[in-house]
Each structure stands twice: as structure tokens, then as C-alpha cells.
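This report refers to the structure that appears directly beneath it.
Note that the structure is predicted; figures quoted are calculated from it, not measured. For ligands, and for the atoms within them, numbers begin at 1 and follow the listed sequence.
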Amino acid sequence: MKLNKNYLRLEESYLFSTVAHKVSAFAAEHPDRKILRMGIGDVTLPLAPAVISAMHAAVTEMGDKSTFRGYGPEQGYDFLRESIRAYYGRRGVSLDADEIFISDGAKSDLGNILDIFDTDNTVLVPDPVYPVYVDTNVMAGRKILFSDANASNAFLPMPDEKVEADIIYLCSPNNPTGAAYSVEQLKAWVEYARKRGAVILYDAAYECFVTEKGLARSIFEVEGAKECAIEFCSFSKTAGFTGTRCGYTVVPKALQSEGISCNKLWLRRQTTKFNGVPYIVQRGAAAVFTEEGEKQIAENLSVYRRNAKRISDCLDSLNIWYTGGKNSPYVWFRCPGYDDSWQFFDKLLEGAGIVGTPGCGFGKNGQGYFRLTAFASEETTQEAMERLKEFLG
Ligand code: MLT
């Protein structure tokens, strides 16, 4: 047998695993130190009561012969697809339920979607970038180009007509930089993709953090996007499903290449390789869109928003340049006094007991930058910002 040697071209370990190893080693050496974790973007608030009671009811159904369910539809139950369709509808985006595919999260689908595209396509990703976009394409042996995101474009790169890309990744609000595209800016990307016959893989996992008018929550707010884009979204950050696992991918029927429908290919792929998200989880996810669920989730999101403000206020007071924090749970800042992000990571951990994510782990343009998340508890975030002020002040 022959192994896929493309794997040998990957970094030895996934960014967040490397961070976790370093933190475990530090904790083992300093058992008396209190470590404040603001590295991986993992939520800390529990699932909303409306979600929990919907899941309990579903568990009861599964234990009763008359309501028990076996295999579900691979692409998701109608009740959840309809709820998502209505959620988009309330934001002025009209979709058909069969354009929505339920998955176990955006990360899986962002990787899996590549199954329907030839390995011959050239991929364009921003730098810095969520490592999954790069690694999954390295695994497949695709050619990858990078578009520079940096302080001069506020970490929001725009299309360059000279670049010949077929698959374009955009994430807004962005992980890791927290920068968010306006609908106007996305129009330029849609125009570029349509001109080239390219596809945009649009990661909208953080859309629920957008509050500012004019910023996009979905690429489908742009006219013509259904002919060139696939959108990935998740209940992880919206409703605390990082451990529960549920997301959705929108593959518009208007998206075609050489007369072949992407929606059809994706349905074929999913029905073959995926057996759907558990019924109990899908019932919980549908409760997110009930009146009660929406209210409870908004309360949780406001906690994370307050945390993001605590971080940005702290950086303002220290006069440190940053992006994000306003329409995003991530704050991305220039490491003060350090050119190397890993060096700053070590110093911050040793000196203040704070864990963040080194910007260079997201690409070369992340060197000298650092990411903090707003997903920790309010107490942790408050304490971390006091320590940060003392450490850098
Ligand atoms: C992150 O910290 O970037 C996220 O947790 C990654 C993810 O959602 O997979």
C-alpha cells in the first residue's frame, strides 16, 4: 500500500494541539499557578434551557417504541432545515429547505466539501487563516495561493484580478482576526468569483456576533452570490454546541459548473459518507430558533460581547493596535515589544499566566500578532485583563 504523502507536508501538529501541549507542560511544572485560558475559541456557558428541554423530550421519544427513530435523513430532518430557512428569511435571504444540509459542524464540512471539487483547482486563502482551510487542501495536494491580510488592509484582503483562483475561502467575521467584511466589500468578491467561474467557500460561523449595520452576516446578502458561493455555519459559537456538534451548510441550487449542480453532488456525497446528526441533537438545535431559545441565546451572546469589550478596552488603555472585538468574539493585536508571536506566548504565560493563540500559527502575516478569545467566563476575562494591564503597563 502507498500512503498519502501530502500529509508529510503538514505541520507536525494542529495549532491548538500544540498550544494545549505547551499549556499542560507549564501547568505540570507550576501546579500552584492559576492559568487563565483565552486561547482556543471554545465556549464556556452551558446550553440554553430551551435546548436542554428539547433534548430531554427527544431522549424520551427515543425510549418509547411508538416515537423511536432509527436512521434519519442524511441531510438533516425537515423540522431543522425549515427552522434554518426561516432564520435566513428573517434576515432577508430566501433559501429552499433542500439547499440546507445539517452537519456535525462547520469544521467537518469545510474539509469534506472538497470531495466535490477536482484536486486540479487552485485555492486562494487569506493569510492569516483558520488552519483547516489550508491543511485540508494540503492533504488533497491542491495548489494554494495566499491573499495578504495585514494592518494596511485592516486584515480584509480584496480580490486581485491578476490572481487565478478557482476555490476561494472567506471567513467573516474572521477567525483569527475578528475583522468583518461589509456587504459592499463582499460584492467585489462575488463579482470576481463569477467572472472567473470560481466558487467562494464562505465560513459564517461567527455571523451571530455582527451588530453593525452594513456588515454582512451571510454572503447571500449579495446579489448573485447563489451562483458562486457555499456558506458554512454552526451552532457552536451561536448556541454553545462546540461539544454537542451541529452545523449547517448552504449549497444553492443555482451553483453549477459545466451544467453540473453542486447541490446534487453534495447530496450524493453526504448520503454516501454521512449518516446524519443525531435526532436528539437536531431537536436541541431547532430549539435555538424558538422565541424562548432566541432570547436565552441572546443573553449568552451578550456575556461574550461584554468580554470582547473588556479585552478591547484594555488594549485601548494600553495603546495597542488591534482588530476585532466589536463584531466578533476574537481580538487580534500586535504583540507589544515582540516580533515573534511564540515568544510573546511564552512570556505572557510565564509572566501573567494567560493563554492566548500566537498569530504566526495562522500564517506568515500573523507573525508578531496574538489572538485572545471572548469565550472565557466573565471572571476569567476580567482577571486576565487586570493581569495583562499589569504585565504590559
Ligand atoms: C478557534 O479557536 O479558532 C476555534 O475554536 C476553532 C474551531 O472552531 O474549530
Give the table of side-chain donor-acceptor pairs shorter than 3.5 Å for residues 344-363, with sequence neighbours excluded, one pair per line with atom names and distance.
| unit_1 | atom_1 | unit_2 | atom_2 | d |
| --- | --- | --- | --- | --- |
| Asp346 | OD1 | Lys22 | NZ | 3.1 |
| Thr357 | OG1 | Gly39 | O | 3.3 |

Pairs touching residues 1-21 that satisfy salt bridge (Lys or Arg N to Asp or Glu O under 4.0 Å), sequence neighbours left out: none
I'd like a table of the close N/O pairs between ligand 1 and the protein (anything under 3.5 Å), one pair per line with both atom names and the distance.
| unit_1 | atom_1 | unit_2 | atom_2 | d |
| --- | --- | --- | --- | --- |
| ligand 1 | 2 (O) | Gly41 | N | 2.6 |
| ligand 1 | 2 (O) | Arg371 | NH2 | 2.7 |
| ligand 1 | 3 (O) | Asn175 | ND2 | 2.8 |
| ligand 1 | 3 (O) | Arg371 | NH1 | 2.9 |
| ligand 1 | 5 (O) | Gly41 | N | 3.4 |
| ligand 1 | 5 (O) | Gly41 | O | 3.4 |
| ligand 1 | 5 (O) | Lys237 | NZ | 3.4 |
| ligand 1 | 8 (O) | Lys237 | NZ | 2.8 |
| ligand 1 | 9 (O) | Tyr130 | OH | 2.5 |

Could you tell me whether a side-chain N or O of Tyr133 sits under 3.5 Å from a main-chain N or O of Gly111, the two making a donor and an acceptor? no
Taking transitive links into account, so neighbours of neighbours count too, which hydrophobic residues share a cluster with Met1 at under 4.5 Å side-chain distance? Leu3
Distance under 6.0 Å and angle within 45° of the ring axis: does Arg91 meet both against Tyr87? yes
Glu221 side chain to Tyr88 side chain, donor-acceptor N/O pair below 3.5 angstrom: no
